[in-house]
Peer 1: 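Quick one: the structure is below, and I'll ask about it shortly.
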Amino acid sequence: MSYKFSLSPKVRRTTRTMTMFHRKIQYALIKSGMKQQEIAKKLDVDRAVINKRLKSDANITIRSISEFAYALNMEVSFDLVKKEEKNRGNYYELDSRDPHYSKNYPQKEADQASISAYGELSFGES
């Protein structure tokens, strides 16, 4: 027996956006070389709080993003861009700025352009 379920476009979009935010924060933490304990100490919270915020199933807030940026000595940059009309299906497109990107997965130029339709969170050193 198989089950079929579908997600509304709103739920699908929000989930993808939240996942992108979590991945960017996780990548920034790895790149910084800091440990969760160090971030927790800087933010005056328990390490378990940091661990929970870094999990993709936790709802991340603008405040959490700002606190991570502060602890990592970084700035937050956020843009909303016009969505391109395209039937994406149920898959994740790789972006060369994504830490999980591999040049072993070639992409068409049109695929690269459509990635920005979900906005971009970039961290830059202050």
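Computed from heavy atoms alone, side chains included, the values below leave out hydrogens, waters and symmetry copies.
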Peer 1: Is the number of heavy atoms from other residues, nucleotides or ligands within 6.0 Å of NZ (Lys41) greater than 12?
Peer 2: no
Peer 1: Answer yes or no: is there a side-chain heavy-atom contact under 4.5 Å between Leu54 and Leu29?
Peer 2: yes
Peer 1: Is there a donor-acceptor contact under 3.5 Å linking the side chains of Thr61 and Ser64?
Peer 2: yes
Peer 1: Output all residues satisfying side-chain contact (heavy atoms from CB on, under 4.5 Å) with Val49, sequence neighbours left out; order by chain, then residue number.
Peer 2: Val45, Asp46, Arg53
Peer 1: Hydrophobic clustering (ILVMFWY, side-chain heavy atoms < 4.5 Å, transitive) - are Ile62 and Ile39 grouped together?
Peer 2: no
Peer 1: Rounded at 0.5 Å granularity, tell me how far NZ in Lys42 sits from CG in Asn73.
Peer 2: 5.5 Å
Peer 1: From Asn59 CG over to Met18 CE, what is the distance, rounded to the nearest 0.5 angstrom?
Peer 2: 4.0 Å
Peer 1: Do Ile30 and Ile50 land in one hydrophobic cluster if side-chain heavy atoms of ILVMFWY residues count as linked below 4.5 Å?
Peer 2: no
Peer 1: Roughly how far apart are Ser66 OG and Glu75 CD, rounded to 0.5 Å?
Peer 2: 9.5 Å
Peer 1: Are Ile25 and Phe78 co-members of a hydrophobic cluster defined by side-chain heavy atoms under 4.5 Å apart?
Peer 2: yes
Peer 1: For the backbone of Leu7 and the side chain of Arg12, can you confirm whether one donor and one acceptor N or O come within less than 3.5 Å of each other?
Peer 2: yes
Peer 1: Could you tell me the separation between the CG atom of Leu72 and the CE atom of Met34, rounded to the nearest 0.5 Å?
Peer 2: 6.0 Å
Peer 1: With side chains defined as the heavy atoms from C-beta onward, is the minimum distance between Lys24 and Met20 less than 4.5 Å?
Peer 2: yes
Peer 1: Using side-chain heavy atoms (C-beta onward) and a distance below 4.5 Å, is Val76 in contact with Phe68?
Peer 2: no
